[in-house]
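Note on naming: letters A, B, ... go to the chains in the order of the sequence lines (proteins, then strands), and numbering restarts at 1 for each one. Fair warning: this is a prediction, and the values are worked out from it, not measured in the lab.
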Amino acid sequence: MSSSAAMPGAVPGVVPMRRDPNHLGHHAAGEGETRAPGRGIGGPAPKRIVVGYGFWIFLLSDIVMFAAFFAAFAVLQGGTAGGPTGAELFDLTNVAIETGLLLLSSFACGIATLALNARRPLAFQAAMAVTFLFGAGFLALELREFTDLVARDAGPTRSAFLSAFFTVVGCHGLHVTAGLLWLLTMMAQVLAKGFRPDILRRVMCFSLFWHALDIVWVAVFTVVYLMGAAT
Amino acid sequence: MLGKLTWSAIPFDQPIPLVAAALVGVVLLGVIAWVAVAGWLPYLWREWITSVDHKRIGVMYVILGLVMLIRGFSDAILMRSHQALAYNAPGYLPPEHYDQIFSAHGTIMIFFGAMPFMIGLMNFVVPLQLGVRDVAFPTLNSVSFWLTATGALLVNVSLVVGEFARTGWWPSPPLSEVTYSPGVGVDYYLWAIQISGIGTLMSGINLVTTILKMRAPGMSYLRMPMFCWTALASNMLIIAAFPILTATLAMLTLDRYLGFHFFTDEAGGNSMLFMNLFWAWGHPEVYILALPAYGVFSEVISTFSGKPLFAYRSMVWATLAICLLSFMVWLHHFFTMGPGGDVNGVFGITSMIIAVPTGVKIFDWMFTMYGGRVRFTTPMLWSVAFLVTFVVGGATGVLLAIPPADFVLHNSLFLVAHFHNVMVSAVVFAAFAGYTYWFPKAFGFTLDEWWGKAAFWFSLVGYVWVFTPLYVVGLLGMTRRLQHFSVAEWYPWIVAASLGVIVMVFGVVCQVVQLVVSIRRREQLRDVTGDPWDGRSLEWATASPPPSFNFAVMPRVEGEEAYWAIKQRAREQARLREEPDYEPVEMPLNSPTGFVCAFFATLVGFAMIWHIWWLAALGLAGAFATFVVFAWRDRVEYEIPADAVARINRRNRASRLEALQQARRKEAA
Amino acid sequence: MRGDAARPQRRQARVSAALPHLGAIAAAGLVLSGCQMSLLNAKGPVGSDEANILIVASIIMLAIIVPTMIGTLAFAWWFRASNTRAHYRPDWAFSGKIELVIWSVPFLTIVFLGGIAWIGAHRLDPAVPLDSDRTPLRVQVVSLDWKWLFLYPDQQVASVNELVVPAGTPVQFVLTSSSVWNAFFVPRLGSMIYTMRGMTSQLNLMADQEGTLHGLSTHFSGDGFPHMQFPVRAVSDTAFAGWVQGAKGGPRLDTAAYGELARQGTVDAPRTYGSLEPGLFARIVDQTIPKGPGPAQGAETGAPPTVKPKGGS
């Protein structure tokens, strides 16, 4: 109270606010702070940025989940319990074809995004259909590999190594399945609703998801198949 | 047709769970019937169940947390009273039931008591403090809440249908594998945590996106209130840690359902892997709970000391340091696995290092009070009690981080006392401080102080009374989870701890009475200005309860403590700011998506637990259909016309002006 | 294996050797230390080192937290709103000097305690053998549902739910489990260690004097967990030899007898075995002997296994 008495025009008992109580040079708007929305001075970011950003964070969390599965695989890789090892089981040709299909599917997905940006519905639907076909082809090959392994008495219950193998690869496969379901939904939505802003945002998220699955596959291919076949 | 589910799943021969469940069932049905007869169901459906308003969802989270805290506390009463009767005697709970109770106590307190409470506070407060109208993804927010509620529901269903896990709150294999836990208990745990975990993860994504991408103009990072910082850190931890839990529990699920060998210790499986993965989530989880609690204390201590938070930037750094370090300490949960001196030494030291930023926070809170005008309201009492008791828990934590000390204290009641010491004084005290502090913001009237203080004193005395004997008996070599014991020297301490629980019961009762009394006296306790505590951040700049759109116009932030600056200017100039130009506000439409999703998730969870495969498939199909229907909506927002916004805001301005003039008249006189 | 390199250095200088008096004074101040069960009243070198570390670290922590607690209450009380003598400084929110102290006090404390942690973690690593001129006694420990099996490979005897060791002789434990995790712990001897199936863990302890101590499992292992408590008798060398002789008269522990033990259930009175099937422990570890079967009965309905509490024993 005493400190405020000297201030001219002050209300008794109330101390005028200093803008920067910690003397940290953070008072004025402007300098050093970008005006871009969402980064301090500009206010909330536009919806497209917010949605994309949120989806990126989701993808990061998904990758953390895969990281846990990869860690488990790395620990259990040696746990073959006298059963078959990766070198005996993996057919790298098959895996190479799978990789090719998935990458082509991603390429088609990229084309679909371009078609979307150009607002060309036919091209979009065609590119999405191609994306679907390649993705489904990938899934079919993976399923064939799985059934083949089970038939050779190398199913997931055979050893901890195979448990981890089926889980890492199968989890990626489940993501692809979910992605295909989503893809069909997006095709139907564009068909029914046209290029509405909210649908554009959803297609953007879908394509982020689809490309992220590629990234995860690269890790699966390297860590599980290449390094697994080497040991 | 019904998988493993038969009439024998219902424990007709065990009176305690059956009577308890019947009682809860009757109360629930009674409430539902009352609500239906009174004709409130449409209101509840429209305004709460389908609401996507972050404030409503936050309130529902807190209600869920409160109910589950009481549920978990009733387990604690059972455990303590049972153990007091179990010296050279069977007690009154058979082992298979006692084991479920301590497992349920931990699971419920962590996942369905503390977590919803903290997430609820963050949901309610963060958008208001940031000066925005809602979180980034309002409908997702509703889905998150209802999935959490699903998990809580499944855990409580296990009371009557089947059993809960008998493995402790972390289902450590091989005990939790199907060989040693063939019943459905562990499955209840797995599906309940998995479903609520998805909700928590989405809530984390939502809040991080909100804090990083949606702030009022001018709200740069270093102008955010401390609670927003701790919420940011906590939610980043959720994003980085919860997927690990999801993966770990998925592996255990595969082991149990499909005969995989992750943790079986057979065919190359490794149970130590589970411990590592679980605690890689588990230790960050401690800070997911504690960091928002620190945020609550920062807000409360600063407000009731009438000063800005001391060394704000230091606090920010300390928060981020804790956030990072929390991922580097998990191994201290199993020093006694025998990993060797180097590993134990490194993790002992990293665990201790966390004490540095935490200690800094304690001292900064102390110096926030220094030179202040401290008002001892209920939230402030909780905060001061936190400071005084938390340091004891911190100190015993540092003790346990020294590997040789942990070699004799691990899994003892000393350890139990330690983590209850830190969890209760940080999280539970913060929960009640935050509850009392923000209650008037949510409902427009303050809580009764007399009953609040009574609740505080009983809880504090009871808490010290319960856990001091447990520290001692831990030093006497008593381990946790004993259904009975025959060591005479432990007995008096166990009895003492049980007596403390009685005192805590009074605290809980006072807390309930406080709510009832406050609702009855709400007209006397009314807060018309929206700023009952002389607050400093933006949530106090709007009415209590805030309108659905929070702020008539988005506030412009021009410094730290945004609202304090506005208020000081108003006081200096003896008038409010110029009235803004009102514009129509667009707000998201309500949606039953969250509720319907949770309904299907409950079906899936229950069906998976009991191996009813067709029902699980049906539930999954239903959930997908719900999303498609939601995505097919043509209208997602509704508009509140400018004159309605103006009308609502003018009412609040009038009360604020009135309060301002009253304060001036009082000071002049 | 891991212990070999560290063996000679063991116990040359104890962690808290410089502070035994301080530790003793503090311990004397604690009511606990007189207590028959207290960890702080240790009966072996490992336990007393750990108790000393505990006490020294507690004193250091108390030196920090007690002033903090008093300071918090003092600040809060002196600066109460009704105290007109307290100077209100509404804008005071930063002081570099205070910040420096605030960061350095916990930091320096942790540097010091971190040193104790690092040295202690190595010197008191349970796998490191104890320093002694006497040949260590070897004991193989198996945790079963829900009892402890102690094999004495050199004496070719075994006991269930009772551990007998000669006082003054170091004991080298090798531990494993037949089924789920447990943790072997004799509070007044020191360090506990987990037992896990398919793996072994090492532990080295010694009892200084004769007497009966309390041992227990500290990792929850199922419904019979409270029954996993056992007496530890530290006896004279002659008494130990006598006990071994007495045990020799007992039945043989072979795969079949072990299979009986491995079933879920409790053993109330300790029992002994007079001879051991060769390689039994190794076969338990490498899992050529089947694991403990668990609650095999009622697996479909999840019915509880037949464990009844001890009831007034």
Looking at chain B, which one of A/Gly155, A/Ser159, A/Pro156 has the largest number of heavy-atom pairs inside 4.5 Å, strictly under?
A/Pro156
With only heavy atoms counted, which part of B/Asp634 is less than 4.5 Å from chain A, the side chain, the backbone, both or neither?
both
Kindly say whether the aromatic ring centers of B/Phe274 and B/Phe262 come within a distance under 6.0 Å.
no
Pairs of heavy atoms under 4.5 Å with chain B: top-ranked of A/Thr167, A/Thr185, A/Val75:
A/Thr167
Min side-chain heavy-atom separation B/Tyr563-B/Pro555 under 4.5 Å
no
Quick one: what part of B/Ile239 sits under 4.5 Å from any heavy atom of chain A, side chain, backbone, both or neither?
both
Residue part contacting chain A, namely of B/Ile244, when any heavy atom lies under 4.5 Å:
both
Chain A contact via B/Leu258 - which portion, at a heavy-atom distance below 4.5 Å:
backbone
Side chain, backbone, both or neither: which part of B/Ala240 has a heavy atom under 4.5 Å from chain A?
backbone
In terms of heavy-atom pairs under 4.5 Å with chain A, which of B/Thr264, B/Asp255, B/Leu273 leads?
B/Leu273
For each of B/Ala668, B/Gly259, B/Ala247, tally heavy-atom pairs with chain A at distances under 4.5 Å, and name the one with the top tally.
B/Ala247
With heavy-atom distances below 4.5 Å as the criterion, would you say the side chains of B/Thr209 and A/Val50 are in contact?
yes
Ignoring hydrogens and angles, tell me if any N or O in the side chain of B/Arg577 forms a donor-acceptor pair with the backbone of B/Ala570 under 3.5 Å.
no
If the plane angle is over 60° it's perpendicular, under 30° parallel, otherwise tilted; pick one for B/Trp281 and B/Phe242.
perpendicular
Would you mind checking which part of A/Ile57 comes under 4.5 Å of any heavy atom in chain B, side chain (CB onward), backbone (N, CA, C, O), both or neither?
both
Name the option with the most non-hydrogen atom pairs under 4.5 Å to chain A; the candidates are B/Pro243, B/Gly269, B/Gly268, B/Ala663.
B/Pro243
Is it the backbone or the side chain of B/Ala631 that comes under 4.5 Å from a heavy atom of chain A, or both, or neither?
both
Side-chain contact, heavy-atom cut-off 4.5 Å: B/Phe278 with B/Phe263?
no
Does the plane of the ring in A/Phe209 sit parallel, tilted or perpendicular to the ring in A/Phe55? Use 30° and 60° as the thresholds.
perpendicular
Using non-hydrogen atoms and a 4.5 Å limit, figure out which bit of A/Ala188 sits close to chain B: side chain, backbone, both or neither.
both
A/Arg158 versus chain B, the contacting section by heavy-atom distance below 4.5 Å
backbone
Working to the nearest 0.5 Å, report the span between CG of A/Leu174 and CD of A/Glu142.
9.0 Å
What part of B/Phe627 is in contact with chain A, defined as an atom under 4.5 angstrom from a non-hydrogen atom: side chain, backbone, both or neither?
neither
Please find out if less than 6.0 Å separates the ring center of A/Phe70 from that of A/Phe73.
no
Looking only at A/Phe58, A/Trp56, A/Phe161, A/Phe69, the option with the highest number of non-hydrogen pairs under 4.5 Å against chain B is A/Phe69
Quick one: which of B/Asn206, B/Asp134, B/Thr210, B/Asn550 gives a side chain to side chain donor-acceptor pair (under 3.5 Å) with B/His54?
B/Asn550
